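Residue numbers start from 1 in every chain, and the chains themselves are labelled A, B, ... in the order their sequence lines are given, proteins ahead of strands. Remember, predicted model here, so these are calculated numbers, not experimental data.
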There are 2 protein chains.
Amino acid sequence: MKKKSNVTLKEIAKILGFSISTVSRALRDHVDISDETKAIVEQKAKELNYMPNMFAQGFRSSRMHIIGVVVPKLSHYFTSTMIEGILDYAETKGYRVIVSESKNSVEKQNQMLNTMLQFNVDGILLSLTRKTANVQDILNILDRKPLVLFDKVMSKIPCTQIIIDGKQAAYNAIEHLINIGKRRIAIFKETENSFNSEQRFEGYLKALKDYNIPIDEKLIFSTEDISLEKGEQLAQIAITLKQRPDAIFAITDSCAIGAIKILNKNNIKIPEEIAVVGFSNSAHSTIIEPNLSTINQPGHLIGKTALKYLIEEIETDNNNDFQSSKTVEIKSSLIVRDSSFIV
Amino acid sequence: MKKKSNVTLKEIAKILGFSISTVSRALRDHVDISDETKAIVEQKAKELNYMPNMFAQGFRSSRMHIIGVVVPKLSHYFTSTMIEGILDYAETKGYRVIVSESKNSVEKQNQMLNTMLQFNVDGILLSLTRKTANVQDILNILDRKPLVLFDKVMSKIPCTQIIIDGKQAAYNAIEHLINIGKRRIAIFKETENSFNSEQRFEGYLKALKDYNIPIDEKLIFSTEDISLEKGEQLAQIAITLKQRPDAIFAITDSCAIGAIKILNKNNIKIPEEIAVVGFSNSAHSTIIEPNLSTINQPGHLIGKTALKYLIEEIETDNNNDFQSSKTVEIKSSLIVRDSSFIV
DNA sequence: AAAAAGCCCGCAAACGTTTGCGGCAACGTT
DNA sequence: AACGTTGCCGCAAACGTTTGCGGGCTTTTT
């Protein structure tokens with residue numbers, strides 16, 4: 001196909017009778033160029049719809065003001081709120097953002113990280129795929145670019161990490177259930193414990209302990225896949241227990257919604273007979289009846305905070321490689337809805 | 001901060017005693033380079049973790065095998081299915097994809113389109129923002145890069161367009177409602193008619209006409225914002241009509257779900273008293289009770305088809321600018337669930 | 001034996017910006 | 001009048017690839 005080719009600095013320079021460097025500087029508002037010249041150049045550039053060649057710029061400069069973001073799953077509601085926080089903050093700081101997803105595959109994650117290196121991003125924000133075990137690949141990235149982990153993290157990796165205080169969040173949820181009179185509180189959790197999952201489980205255990213409620217192993221349900229379907233399956237099992245739970249805490253909303261569906265099907269009154277609390281305030285949580293109580297994680301704030309720390313690291317020009325890394329824990333809040341509301 | 005700098009062809013060439021062009025050709029499997037040399041170079045490149053400078057490559061080459069995609073809203077479920085189709089097909093054809101969203105703002109759409117030009121993408125897939133009126137900006141893009149419109153389109157723009165046969169889809173939905181005995185079928189639609197919205201409305205009108213059902217203006221509800229909340233509001237009004245509808249067809253799932261919520265609240269039996277059908281098979285459609293009947297649009301196929309036509313246009317090397325554009329209509333299907341299931 | 005062809009490698013130009021540094025004219029100071 | 005400074009512009013190198021084309025050696029053909 002035949003399309004118009006792009007206007008270059010050379011053409012503008014030729015038309016106006018300036019040199020290429022004068023035109024380049026004029027368009028970048030350089031102090032060496034007179035206001036008169038700047039105005040002339042800018043007008044002609046606009047008229048010709050001049051657009052700088054990004055590759056030539058990237059080739060010549062080492063800093064492109066691009067941030068790379070890699071997340072396990074883009075369509076996950078909570079992830080999209082974090083990305084929104086990143087994008088909003090990036091805009092205020094004059095950075096562009098490239099987002100890609102690793103589809104919870106370590107191989108894809110590495111591919112995406114390498115793509116970010118190829119784009120010569122200034123820094124990388126990474127939410128780890130659940131199956132990340134070998135951190136060497138991540139350390140290799142850390143050698144080359146500033147990196148901040150957010151949401152799904154790993155303490156082995158020596159860099160700044162922005163997380164939800166999952167332990168406290170789970171603790172609050174269990175405390176709330178106890179406060180409305182529940183004592184046999186089940187947890188639906190992951191079999192293979194990620195860092196986040198472990199934290200939530202710890203919060204569950206601690207809350208029970210603090211309120212002198214004995215831990216019943218039968219109430220601890222584990223599944224590989226914290227999905228709606230699994231939530232249904234686990235709920236089906238839970239309600240057949242001789243001493244069944246009077247509350248369910250699921251570490252994802254999908255799982256919690258699956259549980260609600262089964263309880264509804266079995267005409268079990270929510271929250272009177274069994275209360276349900278989920279985690280992460282998905283869009284579905286207000287669709288399901290009764291509406292789901294859930295941990296609200298301030299995704300926008302997490303995203304913004306992650307980028308803030310990354311930019312701070314990018315723009316800190318020191319030769320000391322031993323930059324202290326931090327773990328920043330962000331508070332969440334419990335939204336009490338009908339699924340656990342008892343007066 | 002201090003990070004390792006990237007290895008270049010020059011360094012590899014120096015270490016191995018070859019020239020830069022030999023190393024470059026070896027890594028690109030060029031016919032002029034012997035197998036022995038290729039093996040030596042590839043091994044050393046891997047050892048040194050060589051990564052080509054994307055900017056240098058882009059600078060030197062005119063074709064980067066990158067596709068730009070601009071959509072109104074990324075988190076919209078249906079959009080994500082189309083993007084998945086695009087990404088999957090791109091992978092098989094060896095293209096990379098840059099996705100951005102215009103947030104239903106014409107200004108942002110133009111910004112994103114210009115960003116795509118700056119990235120020197122080979123071609124652009126665009127789903128128009130609803131408020132697009134002035135097509136000159138799009139025509140300017142069309143002058144410079146191959147462009148295919150998909151999902152939200154505009155017949156004024158002379159390029160290939162991939163769409164759902166919305167008219168037929170709506171027709172099928174209305175026909176289904178008629179076939180289960182419904183006669184007073186309301187439609188919840190947009191006030192400001194986009195092309196897609198118009199098509200669905202036409203399908204609604206045509207189906208009523210074909211089945212000799214008089215059109216009742218009172219059953220045509222329009223709203224600026226086809227959201228869950230608006231769906232609730234319109235449903236609230238609909239059920240107070242002297243002669244209320246016995247079915248509701250909403251042109252989005254969100255709207256339909258809002259309607260269901262209100263009907264549930266008012267103890268109106270779905271679908272016996274009032275049946276409900278939505279459009280686009282969102283994730284919510286199986287969460288709401290009763291589960292929602294809805295038009296399933298094959299997003300994956302739309303995305304794949306759009307990219308297929310675009311790549312065809314990119315890779316057609318002819319000097320004839322008058323390339324015929326086509327409109328490709330893709331069929332949808334109606335998923336009948338509990339909200340309109342009557343035996 | 002000589003010429004032609006093929007194989008394998010290297011030279012250096014090119015892409016479009018950015019930028020260090022230099023040149024020239026005008027102005028100010030001594 | 002001479003010298004120094006400032007303002008404003010231009011020259012050309014640099015960035016790291018790709019690639020057209022040429023050279024030298026070996027092999028094949030006449």
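- Residues A:Gln118 and A:Asn114 bring no donor and acceptor atom of their side chains to less than 3.5 Å of each other.
- Residue pairs meeting the ring-ring contact (aromatic ring centres under 6.0 Å, His included) criterion with at least one member in residues 78-133 of chain A, sequence neighbours excluded: A:His65-A:Tyr95.
- Residue A:Phe55 is out of contact with every strand shown, counting any heavy-atom pair closer than 4.0 Å.
- Screening residues 15-26 of chain A for salt bridge (Lys or Arg N to Asp or Glu O under 4.0 Å), with sequence neighbours left out, gives no hits.
- Residues meeting the ring-ring contact (aromatic ring centres under 6.0 Å, His included) test with A:Phe59, sequence neighbours left out: B:Phe59.
- Judged purely by distance below 3.5 Å, without hydrogens or angles, the side chains of B:Ser105 and B:Ser102 never pair a donor atom with an acceptor atom.
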For nucleotides 22-26 of chain D, give me every protein contact, N/O to N/O, under 3.5 Å, one pair per line with atom names.
none

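- As a whole-Å value, the separation of B:Lys38 NZ from C:dC8 P is 9 Å.
- In terms of the salt bridge (charged side-chain N to carboxylate O under 4.0 Å, His left out) criterion, B:Arg28 has no residue partners (sequence neighbours excluded).
- Fit an axis to the five pairs at each end of the helix from C:dA1-D:dT30 to C:dT30-D:dA1 and the two axes sit 50° apart, to the nearest 10 degrees.
- Checked against salt bridge (charged side-chain N to carboxylate O under 4.0 Å, His left out), B:Lys108 has the following partners two or more places apart in sequence or in another chain: A:Glu91.
- Of the possible polar contacts, one joining the B:Thr115 side chain to the B:Gln111 backbone as a donor-acceptor pair under 3.5 Å is found.
- No donor-acceptor contact under 3.5 angstrom links the side chains of A:Ser21 and A:Ser24, judged on distance only.
- Partners of A:Lys44 according to the salt bridge (charged side-chain N to carboxylate O under 4.0 Å, His left out) rule, which considers only residues two or more places apart in sequence or in another chain, are A:Glu47.
- DNA chain D lies under 4.0 Å from no heavy atom of any residue of residues 41-49 of chain A.
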Per-nt protein contacts along nucleotides 15-20 of chain C (heavy atom under 4.0 Å; B base, S backbone sugar-phosphate only, - none) come out as BBBBBB
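- In this structure, the side chain to side chain contact (heavy atoms under 4.5 Å, CB included) partners of A:Lys103, at least two apart in sequence or on a different chain, are A:Glu101, B:Asp88.
- Few gaps surround NZ on B:Lys38; more than 12 heavy atoms of other groups in view lie less than 6.0 Å from it.
- Protein atom CD1 of A:Ile33 is 18 Å distant from nucleotide atom P of D:dT6, rounded to whole Å.
- The salt bridge (charged side-chain N to carboxylate O under 4.0 Å, His left out) check on B:Glu84 picks up nothing, with sequence neighbours excluded.
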